[in-house]
Enquirer: 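Let me begin by handing over the structure; questions about it come next.
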Amino acid sequence: MTTTTTTPSASAASPRRGPAHADPGPKRRRRGRVGEMRDATPLTYIALIITVLTSFFPLWWMFVVATKDSAAASERPPSFLPGGNFLLNMERLFANTTANFTLGLMNSLIASTIVAVSVVFFCSLAGFALAKLRFAGRTFFTLAVVVTMAVPVQVGVIPLLILMDWLGWRGELQAVIVPFLVSGFGVFMMRQYVQQTVPDELLEAARIDGCSSFRIYWNVVLPALRPAMVVLGLLTFMNTWNEFIWALAVLTPDNPTVQFSINQLNESAYSRDFALMFMGSTFATLPLLIIFVVLGRQLVGRIMEGAIKA
Amino acid sequence: MLFSRLDVKSSPYLFISPFFVLFGIFGLFPLLYTVWVSLHDWSLIGGNEGFIGLDNYVRLFGDAKFWNALYNTLGIFAIAVVPQLLLALFLADTLNRRLRMRNMFRMALILPYITSIAAVAIVFSQLFGTQFGLINYALEFFGVDPINWRGEKYASWAAIAVMIDWRWTGYNALIYLAAMQAVPKDVYEAAAIDGASRMRQFWQITIPMLRPTIIFTVIISTIGQMQLFTEPAVFDSGGAMAGGTQGQFQTVMMLVFQEAFRYGNYGYGAAISWALFVLVIVFSLVNSLVTSRIRSAT
């Protein structure tokens with residue numbers, strides 16, 4: 001997952017000028033990092049503002065239509081201000097019998113939480129072992145984890161469904177939980193993090209004090225992993241919350257996840273009730289937006305480190 | 001003493017076993033079992049109705065629907081990913097400057113990535129409505145006739161590509177931005193002294209320096225886009241997985257769904273999925289080769 005393998009040798013070709021960079025000025029304080037960066041022009045800001053508006057618009061439109069009556073979605077000229085039907089539409093959404101929205105929301109919350117906790121636990125456990133414990137086959141197992149990251153799970157959807165039939169899990173909530181309890185990406189990410197942050201001396205000291213391997217993991221490693229755990233947990237929560245194709249294959253309309261549930265609204269209607277569909281979409285997006293507000297900055301940091309796989 | 005020796009010896013295996021056991025059952029087994037299922041006449045109702053060898057694959061080669069779905073998948077991939085990565089490079093270059101509110105702009109880039117795909121696809125489906133969609137309304141403003149976004153093949157591809165790009169451009173831009181910040185600044189200084197324009201610096205320094213990162217994003221996009229499903233499936237109202245009246249935008253993954261769950265042909269569906277898996281691997285390899293060739297040629 002390293003994305004920044006630059007070649008420093010290229011810089012050797014450049015002529016180095018004088019002692020440091022001789023432009024003393026008010027910016028001196030920050031020069032080390034951004035001093036040589038180009039200044040933004042008005043054009044830069046225009047480009048960025050267009051990007052910001054494009055990012056926000058579909059979500060704003062979703063919210064606007066969700067607060068109106070259904071005819072408003074096709075109003076000409078369109079109005080981009082919210083209306084007064086928010087509570088009414090919310091009521092209609094939760095009362096709708098095709099969508100089973102309340103159950104879908106609950107199911108998604110349960111599944112996403114369990115999967116996130118499980119991925120964080122099992123992946124940090126395996127990541128710790130691969131990073132710090134000595135055992136025969138360690139290199140092989142680490143490589144195996146990396147290879148699993150390239151396997152697209154969706155391709156196995158038919159046999160997975162046959163497997164669910166054998167287990168009697170078709171239509172049951174565990175069908176969208178159990179197959180996702182671990183992730184190769186999670187193990188790899190945790191292994192990298194443990195290697196970088198947990199010093200060997202600390203582990204040795206704990207060992208000498210008589211800690212078992214699991215106690216070392218629980219009392220020494222886990223506390224050091226907290227930042228990585230939060231990010232991995234939330235990314236996993238997001239992915240599980242968003243999962244659509246497998247839920248569509250294995251679940252039924254009477255026991256849906258939230259994505260399945262809003263898709264029911266999308267597919268069932270003859271004349272399309274946009275206010276209802278958009279209200280459902282708003283609720284399906286809301287938990288993710290909360291994550292964004294709380295953790296957007298850390299997520300940006302993680303992505304910039306190149307630690308995230310799509 | 002004995003306990004502690006046993007602990008040191010066995011704990012590592014115990015710690016990694018949940019991952020390997022669960023992955024084995026729910027990841028590796030289905031993938032391999034796909035091959036087995038694809039060699040059988042296997043249906044939803046009748047179950048396994050006997051070994052038929054490569055018949056499903058023979059059928060696949062002669063199936064116009066499969067070739068159509070593959071053409072659609074590759075076409076949407078091409079018109080979505082190429083502009084997306086170019087735009088991401090441009091945005092990253094834009095953000096790689098001394099800026100006010102830098103964090104706000106970065107957060108805005110990542111917002112689409114943190115939204116529910118199915119929900120956003122529903123919203124975009126309405127925006128791309130032929131009669132009442134906002135996009136046609138806006139086009140009309142510029143004197144363009146309404147476009148039949150669902151009915152016409154290339155228009156439907158464009159609509160789906162927009163949904164994909166909306167979600168992923170900012171994400172890729174952040175990855176590029178990180179890589180750009182790792183490029184030593186004095187390389188640019190030297191180029192500027194030699195009289196290279198900003199444009200030239202971008203194409204001859206930034207892009208080659210970013211080569212590993214570009215390859216990475218191309219491969220990730222390939223793996224993702226070859227399995228494209230949610231956006232076109234939601235765009236195609238009615239849930240038939242047909243991808244429009246003439247299969248204008250039916251992707252390979254939609255075809256797998258249609259065969260397996262609409263028609264109950266597990267065996268044939270499995271053959272298509274396995275073909276898709278092989279294609280994902282092949283295209284990732286080809287992509288990485290081509291990308292590195294192009295870049296080393298500049």
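No hydrogens, no waters, no symmetry mates; every other heavy atom, side chains included, goes into these values. The structure presented is a predicted model; accordingly, all values stated were derived computationally and were not measured. Letters A, B, ... are given to chains in the order of the sequence lines, protein chains preceding strands, and every chain is numbered from 1.
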Enquirer: If I take atom CG from residue L6(B) and atom OG from residue S213(A), how far apart are they, to the nearest 0.5 angstrom?
Expert: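 It comes to 10.5 Å.
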Enquirer: With a 4.5 angstrom heavy-atom cut-off, is it the side chain or the backbone of V52(A) that approaches chain B, or both, or neither?
Expert: both
Enquirer: Please classify the contact between I117(B) and chain A as side chain, backbone, both or neither, with a heavy-atom cut-off of under 4.5 Å.
Expert: both
Enquirer: Atom OG of S17(B) and atom CZ of F122(A): how far apart are they, to the nearest 0.5 Å?
Expert: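 The distance works out to 8.5 Å.
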Enquirer: What closest approach, in Å, do W166(B) and S55(A) show between heavy atoms, and which atom pair accounts for it?
Expert: CZ2-O, 3.1 Å
Enquirer: Which residues pass the side-chain hydrogen bond (donor to acceptor under 3.5 Å, both in side chains) test with E243(A), sequence neighbours left out?
Expert: none
Enquirer: Salt-bridged, R215(A) to D7(B), with N to O below 4.0 Å?
Expert: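 Not counted as a salt bridge, because no side-chain N and carboxylate O are separated by less than 4.0 Å.
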Enquirer: Between L286(A) and chain B, which part of the residue has a heavy atom less than 4.5 Å away: side chain, backbone, both or neither?
Expert: neither
Enquirer: So which heavy atom on A119(B) is nearest to which on T285(A), and how close?
Expert: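 Answer, listing the atom of A119(B) first, then T285(A): CB-OG1, 3.5 Å.
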Enquirer: For Y33(B), is it the side chain, the backbone, both or neither that has a heavy atom under 4.5 Å from a heavy atom of chain A?
Expert: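 When you check distances to chain A, atoms from both the backbone and side chain of Y33(B) fall under 4.5 Å.
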Enquirer: Which atoms of F124(B) come close to chain A, meaning under 4.5 Å heavy atom to heavy atom: side chain ones, backbone ones, both, or neither?
Expert: side chain
Enquirer: Just how far is it from atom CG of D93(B) to atom OG1 of T44(A), taken to the nearest 0.5 Å?
Expert: 9.0 Å
Enquirer: Could you measure the distance from the CG atom of L288(A) to the OG1 atom of T115(B)? Nearest 0.5 Å is fine.
Expert: 7.5 Å
Enquirer: Is it the side chain or the backbone of P12(B) that comes within 4.5 Å of chain A heavy atoms, both, or neither?
Expert: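 Both backbone and side chain of P12(B) come within 4.5 Å of chain A.
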Enquirer: Do F19(B) and F141(A) come within less than 4.5 Å of each other through their side chains, counting heavy atoms only?
Expert: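 Of all side-chain heavy-atom pairs linking F141(A) with F19(B), none is under 4.5 Å.
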Enquirer: Between F128(A) and chain B, with a heavy-atom cut-off of 4.5 Å, which part of the residue counts as in contact: side chain, backbone, both or neither?
Expert: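 The side chain, not the backbone.
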Enquirer: Using every non-hydrogen atom in the two residues, find where Y45(A) and R98(B) come nearest and quote the distance to one decimal.
Expert: OH-O, 4.5 Å
Enquirer: Between R297(A) and M107(B), which heavy-atom pair has the shortest distance, and what is it?
Expert: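 What the structure gives for the nearest pair is N-SD, 3.4 Å.
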Enquirer: Quick check: does any side chain N or O of N263(A) sit under 3.5 Å from a backbone N or O of A118(B), one acting as donor and the other as acceptor?
Expert: no
Enquirer: Indicate the ring-plane relationship of F15(B) and Y217(A), choosing parallel, tilted or perpendicular according to the 30° and 60° boundaries.
Expert: tilted
Enquirer: Check side-chain contact (heavy atoms from CB on, under 4.5 Å) between T142(A) and all other residues, then give those that pass, not counting sequence neighbours.
Expert: L130(A), R138(A), R191(A)
